[in-house]
**Q** 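Dropping a structure here in structure tokens format, bear with me for questions.
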Amino acid sequence: MPLSWNEIRDRSLAFSREWADECSEDAEAKSFWDGFFNVFGITRRRVASFEAPVRKGDGQGGFIDLLWKGVLLVEHKSRGKDLERAARQAFDYFPGLKERDLPRYVLVSDFARFRLFDLDAPSSPALLPDGEGSKNNPRPLGEGGRRPGEGVYDFTLAELPNHIRLFGFIAGYQTRSFGQQDPVNVQAAEKLGKLHDQFKATGYDGHALEILLVRLLFCLFAEDTALFERRLFQDYLEQRTTEDGSDLGMHLAQLFQVLDTAPEKRPRTLDEQMATFPYVNGQLFTEVLPIAACDRAMRETLLDCCGLDWSRISPAVFGSLFQSIMDTTARRNLGAHYTGETNILKLIGPLFLDELWAEFHRIKRNKNLLFEFLKKLSRLTFLDPACGCGNFLVIAYRELRLLELEVLRQVRQSDQLLLDVFQLIGVNVDQFHGIEIDEWPARIAEVALWLTDHQMNLKVSEEFGLYFARLPLKKAPHIVNGNALTIDWNEVVPAWRLSYLLGNPPFLGKSLQSAAQKVELAAVFHDVKAAGVLDYVACWYRKTAEYMADNVAIRAAFVSTNSITQGEQVGILWPDLFRRGIKLHYAHRTFQWNSEARGKAAVHCVIIGFGLQDVPEKWLFDYDTPQGEPHAIKATNINPYLVDGPDVVLQRVNSPLCNLPALAYGSKPVDGGNLLLSESERIELLAIEPNAERWIRAFMGSEELINSIPRYCLWLKDCPPDELRKMPAVMERINAVKEMRLKSRKEPTRQAAATPTVFAEIRHSSADYVAIPEVSSERRNFVPIGFYPSTTIASNLLYVLPNATLYHFGMLSSTMHNAWMRSVCGRLESRYRYSAGIVYNNFPWPEPTDKQQIAIEAAAQAVLGARTKFPTSSLADLYDPLTMPPELVKAHQALDRAVDAAYGKTTFKTEAERVAFLFERYQQLTAPLAVAESVKTSKIRGRRSKP
């Protein structure tokens, strides 16, 4: 066990006084460094060697004064000698060392002075490019004092006690911040990936290989974080196994057995080196694995793994990377598999962390309440029912321990006589539970929590100057390997014991679900109609609602696809959840989440916090763009569309809520492209078949409307057969349509082969119309729409409003309507997906006076007039937020004032306020319909009940 900092400081004072007398005898250098290591309670000969042979950069042989492989290189000179020259000599040894033996620290001394280099710091010589300041050519040291920049320290022997914490790496007190972008995370995963492949190539595979790698991960981490003595594992491998690796498997099996055996139960004949390994317990090393047959390459790879500094590994990040090493394809893109801790904190902050910190700040002056608060922290329990490698559990545990540490600081400040602060540490890994369908990540999650626990123990040790560790492992996280949708969560952790549910369940839209997953979804929603369209993640919401019934105090939050808060899924999922008492507490509206999953690009997500009990404060976190930063908005109520409004659920309906023309799709070709023509194809066809010109019409879909792309179609609906037969090139296209439709797997398409001259679905009318693209970019403030003549054929990628007026155009072009659309429409990725059944038919129109309607029509005409000033610009150009002309901006602002006035409003501070108003308006319009439907149903039931 490491000495306390107070003990180390007292020893350093004694050491500096002992060696203060003039002394320049090189023979005394060994005694000097033995004494130096003894300051930290370390026996030098157990970790470092004097006069280690090495080949220098110039090819000549030499001897390193003192080498602790992978940790520290010391170059010692007689008193008064040049330390700059000593440093150059030290770095000159680097080319002769194996990469895994390169030290992190270089220390030069002449008895009276020290210069310490931390080679992980950006400004240290060993990290500079070749040339000035490189490993082979370190830059000049300068004279006296601390070097400019981080990582180089210059002090005298007398000043050693004041700098003693720089040598925490010797004592075992080495705390770090664990950045997700630290390249060592990727390097570690790559090296373990190589080792995985080597074992697998020998036939050592499956469960045994997964457990073996998890154990090796623990050992690698343990020897760099003072769980084991420094380099204990690496030295054992180097000294006890043969260079050809033939006995590596046997030695690993023996080591695992020792790690699982308490000291009093170990054989008395166990040699000193093996006996030094601590008892780990925790069931990590209990299972007996087959002994692997290893070779030289496997031994070298494992030793290379030992050469990394595993104290820099972030368990929160590494879990995802480690899982990826099982897939050689995924491993090529390891850098893409990070789950940003920032995104995890977005979930756990409002769920529990913010509230706990606020409580701490309220009570921190009251020692008795602080003691009670510590007990509260130790009683909280967490469940991630789709935990993967445990990222959410790891971050939640780390943050809870950091809060506990802050409480301990406050307790210590209020009671200086408190002798054993460690007795107050109560938060432990057994408060954390998970369910994971795959065994491999489930085991990683367990180890990641243990590793995080030890990292936090090191922070406690650093804070209070005494070493604190939890070995043997007496408590363990409870990670169950099973299918969360088929097992009873109460068997994992009884609901009455649970405080919080959290996680990132699998998203998987309908088209991406396997047959087995569709069956599971159907079983979970066995009593919900049309549940087959739901995303897979919806299952976790339903299971959570059922689980909460046994403890209404549980709070939950999940990262989810934004699809469950948009379009038709809202009307299927949320009424079922509301019937079960679910209330939304907070939500992050759509933002971009960088997925940890293999091969997955960034996806657009929401975070929803919920429970069965209401909360006094509700918060919405909105984003200007999906890639932006959130801003918090206090809400009165959060509805399923994640807006501040009543709990309204829009159903897909067939007709408009208000007295309006019906909105419908355009016509659908289903032609394999044979009835459609680009500009060049039209010219080419007319050159061959000039008589086809009267049968060619302008054709427009979303892309053509938005970007002014000219396109055409063969509109042969009224073309006489004899005229058709006189156009061979057209007949060739018609024949291709017929063949394409006959080959289709869809019965309606095969039936349409009987009429290959026309579109499969014709919805075109003789009226002019307003066209609305089905899909458009989320970057635009307005969905681009326009008036079009009946001679232009609209495709099924457009919605068509025949006989539309300026009033209709003005309302549909308004911010009011676009805000509604943004809140309730479905999405294709992050792009808006307009719909008739959800967006248009449910939109709560105003009841304008004649004067107000005329004002809207005039403003709508002004919008069209502003567009005509830019005849060469497409709607994409006109409505790009960066290029929208000022005239058009002003015209839309005038239109919004006219529309808002028709609703009886003059200003809205935010879009959220605007949408909340629209939901209230919707509720007012639908309430009479609901009453009428209720009366109608009551009368029917009444008639049935009569004798």
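Numbers for residues simply follow the sequence, beginning at 1.
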**Q** Is the backbone of Val775 close enough, under 3.5 Å, to the side chain of Arg833 for a donor and an acceptor to pair up by distance?
**A** no

**Q** How far apart are the C-alpha atoms of Leu650 and Val570, what are their side-chain angles, what is the distance that settles it, and do they pass the side-chain contact (heavy atoms from CB on, under 4.5 Å) test?
**A** CA-CA 7 Å; Leu650 304 181; Val570 174; over 6 Å; no

**Q** Of all heavy-atom pairs between Arg831 and Ser777, which one has the smallest distance, and what is that distance?
**A**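 Shortest heavy-atom separation between Arg831 and Ser777 comes out as CG-CA, 4.1 Å.
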
**Q** Among all residues two or more places apart in sequence or in another chain, which pass the side-chain hydrogen bond (donor to acceptor under 3.5 Å, both in side chains) test with Thr757?
**A** none

**Q** Under 3.5 Å, is there a donor-acceptor pair between the side chain of Gln569 and the main chain of Asp535?
**A** yes

**Q** Identify, with sequence neighbours excluded, every residue that meets side-chain hydrogen bond (donor to acceptor under 3.5 Å, both in side chains) alongside Ser514.
**A**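 Partners of Ser514 under the side-chain hydrogen bond (donor to acceptor under 3.5 Å, both in side chains) test: Gln517.
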
**Q** If you compare all heavy atoms of Thr815 against all heavy atoms of Arg914, which two are closest, and at what distance to 0.1 Å?
**A**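 Closest heavy-atom pair between Thr815 and Arg914: CG2-NE, 3.6 Å.
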
**Q** Is there any side-chain hydrogen bond (donor to acceptor under 3.5 Å, both in side chains) pair reaching into residues 650-664, and which pairs are they, with sequence neighbours excluded?
**A**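 Sorted pair list comes back empty.
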
**Q** Taking all atoms of both residues into account, what is the closest heavy-atom pair of Leu676 and Pro669, and its distance?
**A**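 Looking at all heavy atoms of both residues, the closest pair is CD2-CG, 4.3 Å.
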
**Q** Tell me, yes or no, whether the heavy-atom count around Lys668 atom NZ, taken from other residues, nucleotides or ligands under 6.0 Å, exceeds 12.
**A**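 Not more than 12 within 6.0 Å, no.
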
**Q** Got Leu705 and Tyr788 here, is their nearest side-chain heavy-atom distance under 4.5 Å?
**A** yes

**Q** Say whether, by atom type as modelled, one donor and one acceptor occur between the side chain of Ser776 and the main chain of Pro773 under 3.5 angstrom.
**A** no

**Q** Can you name the nearest heavy-atom pair linking Val770 to Ala804, along with the distance?
**A**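 That would be CG2-CB, 3.5 Å.
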
**Q** Considering only NZ, NE, NH1 and NH2 on the basic side and carboxylate oxygens on the acidic side, decide whether Arg897 and Asp900 come within less than 4.0 Å.
**A** no

**Q** Would you name the heavy atoms of Ser744 and Arg750 that are closest together and state the gap between them?
**A** O-NH1, 2.9 Å

**Q** Can you tell me how far the CG atom of Leu798 sits from the CD1 atom of Ile793, to the nearest 0.5 Å?
**A** 11.5 Å

**Q** Within the distance-only criterion (no hydrogens, no angle test), does the side chain of Arg741 pair as donor or acceptor with the backbone N or O of Ala752 below 3.5 angstrom?
**A**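 Indeed, once roles are kept as given, a pair shorter than 3.5 Å links the two residues.
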
**Q** Quick one: does Asn842's side chain have a donor or acceptor within less than 3.5 Å of a partner on Ile838's backbone?
**A**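 Yes; at least one donor-acceptor contact below 3.5 Å.
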
**Q** For Gln751, which residues count as a side-chain hydrogen bond (donor to acceptor under 3.5 Å, both in side chains) partner, sequence neighbours excluded?
**A** Glu747

**Q** Measure the spacing between OG1 of Thr792 and CD of Glu704 and express it to the nearest 0.5 Å.
**A** 11.5 Å

**Q** Will you find, in the side chains of His588 and Tyr623, an N or O donor that is under 3.5 Å from an N or O acceptor?
**A**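 Distance-only check passes for His588 and Tyr623.
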
**Q** Quick one: list whatever passes side-chain hydrogen bond (donor to acceptor under 3.5 Å, both in side chains) with Glu684, sequence neighbours left out.
**A**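 Checked Glu684 against side-chain hydrogen bond (donor to acceptor under 3.5 Å, both in side chains); zero matches.
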
**Q** Is there side-chain contact between Arg682 and Ser678, with heavy atoms separated by less than 4.5 Å?
**A** no

**Q** Counting only heavy atoms not in Lys518, do more than 12 fall under 6.0 Å of its NZ?
**A**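 Yes.
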
**Q** How long is the span from the OG atom in Ser813 to the CD1 atom in Ile856, to the nearest 0.5 Å?
**A** 11.5 Å

**Q** How would you list, by chain and number, every residue that makes a ring-ring contact (aromatic ring centres under 6.0 Å, His included) with Tyr922, sequence neighbours excluded?
**A** none

**Q** Do Ser560 and Tyr541 have a side chain donor and acceptor closer than 3.5 Å?
**A**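 Side-chain D/A pair, Ser560 to Tyr541: present.
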
**Q** May I ask you to decide if Ala729's main-chain N or O and Glu689's side chain share a donor-acceptor pair within less than 3.5 Å?
**A** yes

**Q** Kindly write out the residues that satisfy ring-ring contact (aromatic ring centres under 6.0 Å, His included) with Tyr641, not counting sequence neighbours, or none if the list is empty.
**A** Phe919

**Q** Examine the side chains of Ser814 and His817 and answer whether a donor and an acceptor come within less than 3.5 Å of each other.
**A** no

**Q** Show me the pairs that pass side-chain hydrogen bond (donor to acceptor under 3.5 Å, both in side chains) and involve residues 520-531, at least two apart or across chains.
**A**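 Listed once each, the pairs are Asn483-Glu520, Glu520-Tyr536, Asp527-Arg542, Asp527-Arg580.
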
**Q** How would you list, by chain and number, every residue that makes a ring-ring contact (aromatic ring centres under 6.0 Å, His included) with Trp845, sequence neighbours excluded?
**A** Tyr807, Phe843

**Q** Test salt bridge (Lys or Arg N to Asp or Glu O under 4.0 Å) on Arg867 and Glu887 and set out the steps.
**A** CA-CA 9 Å; Arg867 291 182 185 181; Glu887 298 94 322; over 6 Å; no

**Q** Side chains of residues 759-767: which donor-acceptor pairs under 3.5 Å do they make with residues two or more places apart or in other chains?
**A**
{"unit_1": "Glu761", "atom_1": "OE1", "unit_2": "Arg763", "atom_2": "NH2", "d": "2.3"}
{"unit_1": "Arg763", "atom_1": "NH1", "unit_2": "Gly666", "atom_2": "O", "d": "2.5"}
{"unit_1": "His764", "atom_1": "NE2", "unit_2": "Ser790", "atom_2": "O", "d": "2.6"}
{"unit_1": "Ser765", "atom_1": "OG", "unit_2": "Ala767", "atom_2": "N", "d": "3.4"}

**Q** So, using ring-ring contact (aromatic ring centres under 6.0 Å, His included) as the criterion, who are the partners of Phe809 when residues are at least two apart?
**A** Phe787

**Q** Please confirm whether the backbone N or O of Pro720 pairs with a side-chain atom of Glu723, one donor and one acceptor, at under 3.5 Å?
**A** no

**Q** Is the shortest distance from a Lys or Arg side-chain nitrogen in Arg822 or Glu911 to a carboxylate oxygen in the other one below 4.0 Å?
**A** yes

**Q** Which pairs count as ring-ring contact (aromatic ring centres under 6.0 Å, His included) when at least one residue sits in residues 855-883, sequence neighbours excluded?
**A** Tyr879-His892

**Q** Could you walk me through whether Arg725 and Asp722 pass salt bridge (Lys or Arg N to Asp or Glu O under 4.0 Å), step by step?
**A** CA-CA 5 Å; Arg725 295 184 67 191; Asp722 61 321; over 6 Å; no

**Q** Going by atom types only, do Thr590 and Asn562 share a side-chain donor-acceptor pair under 3.5 Å?
**A** yes

**Q** If we count only N and O atoms by modelled type, under 3.5 Å, do the side chains of Tyr799 and Tyr834 hold a donor and an acceptor together?
**A**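 No, no side-chain donor-acceptor contact under 3.5 Å.
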
**Q** Atom CG of Leu573 and atom CG of Leu534: how far apart are they, to the nearest 0.5 Å?
**A**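 If we round to the nearest 0.5 Å, Leu573:CG and Leu534:CG are 5.5 Å apart.
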
**Q** Side chains of Thr883 and Asp877: any donor to acceptor distance under 3.5 Å?
**A** no

**Q** Quick one: does any side-chain atom of Trp820 pair with a main-chain N or O of Val915 as donor and acceptor, under 3.5 Å?
**A**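 Pair absent, no side-chain N/O of Trp820 close to backbone of Val915.
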
**Q** About how many Å separate CG of Asp671 and OG1 of Thr749, when rounded to the nearest 0.5 Å?
**A** 11.0 Å

**Q** Looking at Glu681 and Arg711, is there a salt bridge between them, counting it only when a charged N and a carboxylate O are closer than 4.0 Å?
**A**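 No, this pair does not count.
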
**Q** Is the backbone of Arg733 close enough, under 3.5 Å, to the side chain of Asn674 for a donor and an acceptor to pair up by distance?
**A**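 No, because the side chain of Asn674 does not come within donor-acceptor range (under 3.5 Å) of the backbone of Arg733.
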
**Q** Tell me if a side-chain donor or acceptor on Asn841 pairs with a main-chain N or O of Ala836 at a distance below 3.5 Å.
**A**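 Checked: pair present.
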
**Q** Run the numbers on Leu657 and Thr926 for side-chain contact (heavy atoms from CB on, under 4.5 Å), then give the verdict.
**A** CA-CA 8 Å; Leu657 174 63; Thr926 55; 3.8 Å; yes

**Q** Nearest 0.5 angstrom please: Leu584 CG to Asp647 CG, how far?
**A** 7.5 Å

**Q** Return the minimal non-hydrogen interatomic distance between Leu895 and Gly810, and the atom names on each side.
**A** CD2-O, 3.5 Å

